Amino acid sequence: MTRPGDGPERAGAGDQAATTAAFSALLEDSAEDLYESAPCGYLSTLMDGTIAKINTTLLDWLGLERAEVVGRMRFADLLTVGGKLYHETHFAPLLQMQGELHGIALEMRTAARGRLPVLVSSVLKRGTGGKPLLIRSTVFDASDRRAYEAELLRRRQDAERARAEAEQAQAEAERARAEAERARAQAERAGAEAERARAQAEAALRQAEADRQRLAEALTVLQKSLVPSSLPAVPGLEAAAYYHTASPDRLGGDFYDLFPLDDGRWAFFLGDVCGKGPQAASLTSLTRYTLRAAALHDPEPAMALTTLNAVLHEHYAAAGDPRYCTAVFGVVEPADDDGRVGVRIASGGHPPALVLRADGSTEYLPTPGGLLIGILPDAPFTTARTTLAPGETILLYTDGLTEARTGPTRESLFGDDALLAFAADHAPAPPDETISALTALLKSFGDGLDDDTALLALGVPATDSPIRPTTNPRR
């Protein structure tokens with residue numbers, strides 16, 4: 001747009017009129033029109049997640065009508081199963097703590113049962129007294145960004161491949177030059193030097209291999225101390241476990257245990273601590289022994305996790321080094337006259353337990369209210385209850401299973417839905433068969449399985465067959 005006085009040429013009367021008309025058209029846009037037709041999604045929710053306002057852009061993306069959303073759905077209802085879990089265990093707690101979050105990657109469900117990758121930014125609106133009133137969120141369509149990132153990754157891999165080929169060619173040229181130089185030298189002297197170099201290289205290689213073997217053996221011993229070497233025989237119950245170590249050179253943070261209480265009851269737990277290496281091992285050890293001690297004092301699952309939360313928060317967060325873990329803790333009651341076993345279980349930010357029923361159905365066992373353990377000084381936990389009839393199995397697992405990367409490009413996660421479908425294909429199944437099937441599944445992921453994974457299955461025998469305690473195999 002040319003303004004009077006900006007240069008030797010001035011806009012004509014027609015251009016000025018067109019410019020004025022364009023500005024007038026823009027000024028006629030109402031704030032409501034700008035909100036509803038924005039190139040991104042907007043929504044406002046109450047503190048419990050109930051959607052109070054949503055713009056037309058987001059409704060069109062999801063294929064929903066305003067009447068079925070406003071006042072009837074919560075923000076978490078718009079997310080996939082994995083998105084809901086992340087929202088409950090990470091997004092919502094961090095938003096409460098920080099007051100705002102930006103650029104969080106989630107997936108939304110569309111009315112056509114599709115998945116829409118989005119980036120969500122949220123901020124708490126507070127009243128005059130500082131009390132949170134509502135949550136305002138902005139939603140951006142990340143479909144093109146996902147495709148762009150995939151293309152960048154491919155180009156980066158191509159560039160690295162080309163660089164490796166160039167480096168290989170350069171190395172070959174260097175070797176050829178060195179060989180030519182050695183050929184010009186005196187043959188006897190070159191032979192002696194080569195022999196000395198070979199001897200030194202072999203000695204260094206032997207020393208390096210010995211050091212690596214000693215380190216691997218030490219790590220193996222330490223890793224074994226963090227999980228039971230075998231599971232105990234439980235009267236009227238079958239048990240099986242498996243532990244996959246992602247790297248033999250780094251200590252993992254997954255853990256599990258099964259041990260007796262009084263009056264014929266048995267306690268079990270499984271979880272995952274943050275981080276890797278010696279610090280993760282220290283946190284794992286503290287977690288395991290705290291849960292065992294808490295169970296002997298009060299075996300109520302929610303109370304055991306409450307005790308663990310207090311210990312971790314005081315030991316780490318209060319000292320300025322916050323660390324946390326996720327865990328599932330449960331208690332198995334003695335069987336009744338019909339062979340049915342009661343199970344009480346609580347979760348702290350951990351994936352839900354999966355139950356394989358005797359009729360071939362499968363279901364996730366809801367354990368609401370569980371937050372990451374050790375983050376907050378006071379975290380609420382809820383004990384859920386279920387019953388295992390003869391032939392039924394309950395499976396606990398860490399997120400290395402559901403977050404394994406699949407597909408030709410290793411970009412997709414295995415996910416909760418795929419795990420539920422996999423279990424349905426094998427139900428009903430006793431613990432040892434369930435663990436064997438999952439072990440084969442983990443191996444099929446190949447290099448897509450890049451995190452430690454722990455599995456623990458407990459079940460009631462379908463017949464009066466001998467109890468088959470299973471030691472936990474390792475890879």
Side-chain angles (χ1 to χ4, degrees), residues 228 230-242 256-271 291-306 327-347 350-370 381-397 420 423-438 455-472:
S230 63
L231 298 180
V234 182
L237 204 67
E238 292 180 342
Y242 178 75
Y256 63 87
D257 207 347
L258 174 65
F259 55 94
L261 301 173
D262 56 356
D263 300 330
R265 295 179 300 173
W266 287 75
F268 62 90
F269 58 78
L270 178 142
L291 284 176
R292 272 184 165 262
L296 295 177
H297 177 69
D298 186 348
E300 177 63 23
M303 183 56 64
L305 294 185
T306 299
V328 174
F329 185 93
V331 174
V332 180
E333 304 289 347
D336 59 18
D337 294 339
D338 296 328
R340 299 167 63 87
V341 170
V343 178
R344 292 182 291 118
I345 190 170
S347 173
H350 199 81
L354 181 59
V355 181
L356 287 71
R357 297 297 183 186
D359 60 3
S361 64
T362 57
E363 61 181 347
Y364 284 113
L365 181 61
T367 48
F381 302 102
T382 303
T383 298
R385 292 172 172 81
T386 191
T387 302
L388 298 181
E392 296 184 342
T393 296
I394 185 170
L395 171 68
L396 309 180
Y397 55 93
L420 187 64
D425 290 339
H426 293 79
D432 56 348
E433 293 182 9
T434 301
I435 295 300
S436 295
L438 288 171
L455 306 173
L456 176 63
L458 307 174
V460 181
T463 63
D464 294 333
S465 60
I467 299 174
R468 296 167 295 176
T470 304
T471 59
N472 47 313

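Since the model is a prediction, treat every value here as computed from it, not as a measurement.
- If you take CG on Leu231 and CZ on Phe268, they are separated by 12.5 Å, rounding to the nearest 0.5 Å.
- Using a 4.5 Å heavy-atom cutoff, the side chains of Pro428 and Leu356 are not in contact.
- Between Leu296 and Leu261, the closest side-chain pair of non-hydrogen atoms falls below 4.5 Å.
- A donor-acceptor pair under 3.5 Å is formed between the side chain of Asp359 and the backbone N or O of Ser361.
- Remark: the backbone N or O of Ala302 is paired with a side-chain donor or acceptor of Thr383 at under 3.5 angstrom.
- Val343 is not listed as a side-chain neighbour of Leu458, based on a closest heavy-atom distance of 4.5 Å or more.
- Between atom CZ of residue Arg385 and atom CD1 of residue Ile345 there is a gap of 12.0 Å, rounded to the nearest 0.5 Å.
- Side chains of His426 and Glu433 form no contact here, defined as non-hydrogen atoms less than 4.5 Å apart.
- A 4.5 Å side-chain heavy-atom check between Pro235 and Trp266 finds at least one atom pair inside the cut-off.
- Checked for salt-bridge contact, Glu392 and Arg340 miss the test: no charged N lies under 4.0 Å from a carboxylate O.
- The closest donor-acceptor contact from the side chain of Asp263 to the backbone of Arg265 lies at 3.5 Å or more, if one exists at all.
- Distance check: Thr306 OG1 to Asp298 CG gives 9.5 Å after rounding to the nearest 0.5 Å.
- For the atom pair CG of Leu456 and CG of Asp257, the computed distance is 9.0 Å after rounding to the nearest 0.5 Å.
- By the 4.5 Å heavy-atom criterion applied to side chains, Val355 and Leu388 are counted as neighbours.
- Val332 is not listed as a side-chain neighbour of Arg344, based on a closest heavy-atom distance of 4.5 Å or more.
- Taking the side chain as every heavy atom from C-beta outward, Leu305 and Leu291 approach each other to under 4.5 Å.
- A donor-acceptor pair under 3.5 Å is absent between the side-chain atoms of His297 and the main chain of Ala304, judged by distance alone.
- Across all non-hydrogen atoms, the minimal contact from Gly236 to Pro461 is O-CD, 3.5 Å.
- Below 30°, between 30° and 60°, or above 60°: for Tyr397 and His350 the angle between ring planes is between 30° and 60°, a tilted geometry.
- Leu354 CG to Ile394 CD1: the interatomic distance, rounded to the nearest 0.5 Å, is 8.5 Å.
- Remark: side-chain polar atoms of Thr393 are paired, donor with acceptor, to backbone N or O of Ala429 under 3.5 angstrom.
- Shown here for Pro390 and Val460, the closest heavy-atom pair between the two residues is CA-CG1, 3.6 Å.
- Distance check: Leu395 CG to Tyr364 OH gives 9.0 Å after rounding to the nearest 0.5 Å.
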